Amino acid sequence: MKFPLMTSGFLLMVISSVCVDITVRGTEEEHVNITCPYDHGYENSYKYFYKGHYRDNNIILKSYGGESSVFNGRFSLRDDHQTRSFIVTIRNLSMEDAGLYGCVAGWGEYKQIQLNVIKGA
Ligand SMILES: *[C@@H]1O[C@H](CO)[C@@H](O)[C@H](O)[C@H]1NC(C)=O
Ligand SMILES: *[C@@H]1O[C@H](CO)[C@@H](O)[C@H](O)[C@H]1NC(C)=O
């Protein structure tokens, strides 16, 4: 009777990992770049970067659609209309930064990001 339990546990793992669109790895005390692609037509739309789940609405960075960088402490966001993506940089990573983030452009598709932080040397 152990087998069905293991199978459902495995399926749960698979289902929950499907929610993550982008997985990024960084090293403690270093920086990491997270690339958030967006669809054609969203170049001049608002860009948002969230901590945690989308529904928590915990915005770290917000850009008005221009290409100039926006900053919030160790976090910065740079929008590149040419490649239709915005890059979020997190400097001086700590182990506590690991976890879920999200990015979205305008009313476009929300993308869930998993950030893994590796212990520094
Ligand atoms: C992150 O992006 C910055 C600015 O584009 C670049 O200078 C740096 O090399 C990038 N770092 C990594 C780890 O890709
Ligand atoms: C990096 O963050 C740690 C705390 O997590 C702090 O002690 C250290 O001074 C920071 N380093 C830089 C270069 O900002």
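Numbering of ligands and ligand atoms starts at 1, following listing order. These figures come from a predicted structure and were not determined experimentally.
- Heavy-atom contacts from other residues, nucleotides or ligands closer than 6.0 Å to OH of Tyr110 number more than 12.
- In this structure, His31 counts as a contact residue of ligand 1, since one of its heavy atoms falls inside 4.0 Å of the ligand.
- Which parts of ligand 1 touch Arg78 is read off a 4.0 Å heavy-atom cut-off, strictly below it: atoms 5 (O).
- Each of Leu100 and Val24 belongs to its own hydrophobic cluster when Ile, Leu, Val, Met, Phe, Trp and Tyr are linked at side-chain heavy-atom distances under 4.5 angstrom.
- Taking a heavy-atom cut-off of under 4.0 Å, ligand 2 is surrounded by Asn92.
- Under a 4.0 Å criterion applied to the non-hydrogen atoms of Asn33, ligand 1 contributes the atoms 1 (C), 2 (O), 3 (C), 8 (C), 10 (C), 11 (N), 12 (C), 14 (O).
- Taking the six-membered ring where tryptophan is involved, the planes of Tyr101 and Phe49 are essentially parallel, since the angle between them stays under 30° and well short of 60°.
- Residue pairs meeting the salt bridge (Lys or Arg N to Asp or Glu O under 4.0 Å) criterion with at least one member in residues 70-81, sequence neighbours excluded: Lys47-Asp79, Arg74-Asp97.
- Within the structure, disulfide (SG to SG under 2.5 Å) contacts touching residues 31-121 (residues at least two apart or in different chains) are Cys36-Cys103.
- Within the structure, salt bridge (Lys or Arg N to Asp or Glu O under 4.0 Å) contacts touching residues 111-121 (residues at least two apart or in different chains) are Glu28-Lys119.
- Side chain of Arg91 to backbone of Glu29: no donor-acceptor contact under 3.5 angstrom is found.
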